[in-house]
Structure formats: C-alpha cells, structure tokens
Amino acid sequence: GVTGVQTCALPICFPVTISKDNFKRFKNEIMSGIRYDKLSQLINEHDLKERKEKERIERSKLIKMFATLPKSVFDVGDYIIKHPESAKELEHEGNVLNHCVSSYLPKIVNGDSEVLLLRKKSAPNDPYFTIEIVDGKVTQVRTSRNQTDMDITRLVKQWQEHRTGA
C-alpha cells in the first residue's frame with residue numbers, strides 16, 4: 001500500500017508519496033536527511049534487484065518444467081525435426097538465428113505453443129529453421145533474422161498435416 005505521509009527530515013522534506021514498505025526499508029536514510037534524488041535512486045535499485053531475482057526464480061522453474069516435457073525426433077527426408085532437448089538449446093537456437101524463440105519458454109511450458117527445430121541431416125547440431133505450432137497449426141517457420149523460405153514452409157506444413165492426419 002501507499003501512505004500519504006510526507007517524508008520530512010530536518011534538512012529536507014520530500015513532498016512525495018512513498019510506500020509504507022519503502023518508508024520502512026529506507027527509514028534511516030530518510031531520517032538522516034537523504035536527498036530525494038538519492039532516495040529515489042536507492043528505491044529504484046532495490047526494486048530492480050528484487051524484480052531480477054523474481055525473474056531468475058521464475059526462469060529456473062520454467063527450465064525445470066521444460067526438462068520434463070516429452071522430446072521427439074522426426075525423420076523428414078534430408079531433414080530432421082525435433083523438440084529442443086533443453087532450454088539452453090532453445091536459447092542457442094535464438095542466438096544463432098538472431099530471433100526471439102527463447103522468449104517462448106513460458107508459452108511452451110504452459111502448452112500454448114510447440115516449438116520444434118528443423119535441422120539438415122548433414123548438420124544435425126546446427127540451427128537451420130525454427131518451427132512454431134499453435135493449436136496443431138504451423139504458425140511460424142523462421143530462419144536467420146526471422147526470414148522465411150516458401151519451400152521449407154511447405155515441407156513443414158505437409159509434415160504437420162501427415163503428423164496430425166489432417
């Protein structure tokens with residue numbers, strides 16, 4: 001909650017609203033006459049550190065959940081299509097291909113999106129194309145910098161139709 005208490009220490013007054021939590025957290029600084037800009041900086045640094053820690057904990061949970069998801073590999077002519085083995089592989093895919101697939105981790109874990117990796121059989125460890133499937137439909141087939149290729153997209157859509165029997 002937010003308190004309407006104006007914060008005054010002898011040399012200076014803060015005519016601002018400060019949350020009760022922040023008032024308690026920084027009471028000594030406030031009472032010793034800290035300047036408002038310095039107090040604001042301390043609050044922002046604390047909030048950022050707290051937010052980063054929450055994000056780290058949430059990401060750790062997502063990585064553990066991702067590890068429990070089923071992983072499959074499919075033979076598709078000169079290619080293989082596979083689920084990423086780990087969140088690290090998903091991140092590597094995005095880094096090499098310069099796209100944001102690693103940000104899909106929550107969607108994958110929650111079952112809102114299925115992400116698969118298309119690889120050349122001759123280079124099975126090298127990112128080539130990334131596939132997203134939502135509700136059984138191919139929604140994205142992307143390579144470096146989110147580029148597409150109609151022949152690869154057609155191949156992936158045909159594979160998905162065969163896979164689902166559609």
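Using a cut-off of 4.0 Å between Lys/Arg side-chain N and Asp/Glu carboxylate O, D21 and K24 are scored as not salt-bridged. Between R59 and E91 a salt bridge is recorded (basic side-chain N to carboxylate O distance below 4.0 Å). A salt bridge does not link E58 with R51: none of the charged nitrogens is closer than 4.0 Å to a carboxylate oxygen. A salt bridge links R56 and E53; the closest N-O separation between the charged side-chain nitrogens and carboxylate oxygens is under 4.0 Å.
Each salt bridge (charged side-chain N to carboxylate O under 4.0 Å, His left out) pair with one or both residues in residues 156-166, not counting sequence neighbours, appears once here: E114-R163.
The closest side-chain heavy-atom distance from L155 to V76 is below 4.5 Å. Residues P127 and L117 form no side-chain contact, since every pair of their non-hydrogen atoms from C-beta on lies 4.5 Å or further apart. N22 is not listed as a side-chain neighbour of L42, based on a closest heavy-atom distance of 4.5 Å or more. For the pair Q140 and Y104, the minimum side-chain heavy-atom distance is below 4.5 Å. You'll find the side chain of Q41 stays beyond 4.5 Å of the side chain of N44, heavy atoms only. For the pair E93/N95, no side-chain contact is recorded, criterion being any heavy-atom separation below 4.5 Å from C-beta on.
Rounded to the nearest 0.5 angstrom, Y79 OH and S122 OG are separated by 9.0 Å. Atom CD1 of I131 and atom OG of S113 lie 11.5 Å apart (nearest 0.5 Å). Between F74 atom CZ and Q160 atom CD the span is 8.5 Å, to the nearest 0.5 Å. Between the CG atom in L118 and the CG atom in D149 there is a gap of 10.0 Å [rounded to 0.5 Å]. In this structure, NE2 in H92 is found 8.5 Å from CG in L97, a value given to the nearest 0.5 Å. Atom NZ of K121 is separated from atom CD1 of I80 by 8.5 Å, given to the nearest 0.5 angstrom.
Taking the six-membered ring where tryptophan is involved, the planes of F26 and H46 are perpendicular, since the angle between them exceeds 60° and thus also 30°.
Note: the hydrophobic cluster containing L69 also contains V101 (ILVMFWY, side chain heavy atoms under 4.5 Å, direct or indirect links).
In terms of heavy-atom proximity, K71 sits nearest to A67 at NZ-O, 3.7 Å. R25 and E50 make their closest contact through NH2-OE2, 4.3 Å (heavy atoms, listed as atom of the first residue, atom of the second, distance). The nearest pair of heavy atoms linking V109 to L62 is CG2-O, 3.6 Å.
The local environment of NZ in K54 is sparse, with at most 12 non-hydrogen atoms from other residues, nucleotides or ligands closer than 6.0 Å. Counted within 6.0 Å of CG on D78, heavy atoms from surrounding residues, nucleotides or ligands total 12 or fewer; the atom is thus considered open. No more than 12 heavy atoms of other residues, nucleotides or ligands shown are found within 6.0 angstrom of CG on D135.
A cation-pi arrangement is absent between K82 and F129, since the terminal nitrogen or guanidinium carbon is not both under 6.0 Å from the aromatic centre and inside a 45° cone about the axis.
The only option from K137, K107, R142 that meets the side chain to side chain donor-acceptor pair (under 3.5 Å) definition with E132 turns out to be K107. With H99 as the fixed residue, the side chain to side chain donor-acceptor pair (under 3.5 Å) test singles out one of T130, T143, N146: T130.
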side-chain contact (heavy atoms from CB on, under 4.5 Å) between T148 and V141, worked out: CA-CA 6 Å; T148 61; V141 180; 5.9 Å; no
Residue pair L105, V115: steps toward the side-chain contact (heavy atoms from CB on, under 4.5 Å) verdict: CA-CA 9 Å; L105 187 61; V115 170; over 6 Å; no
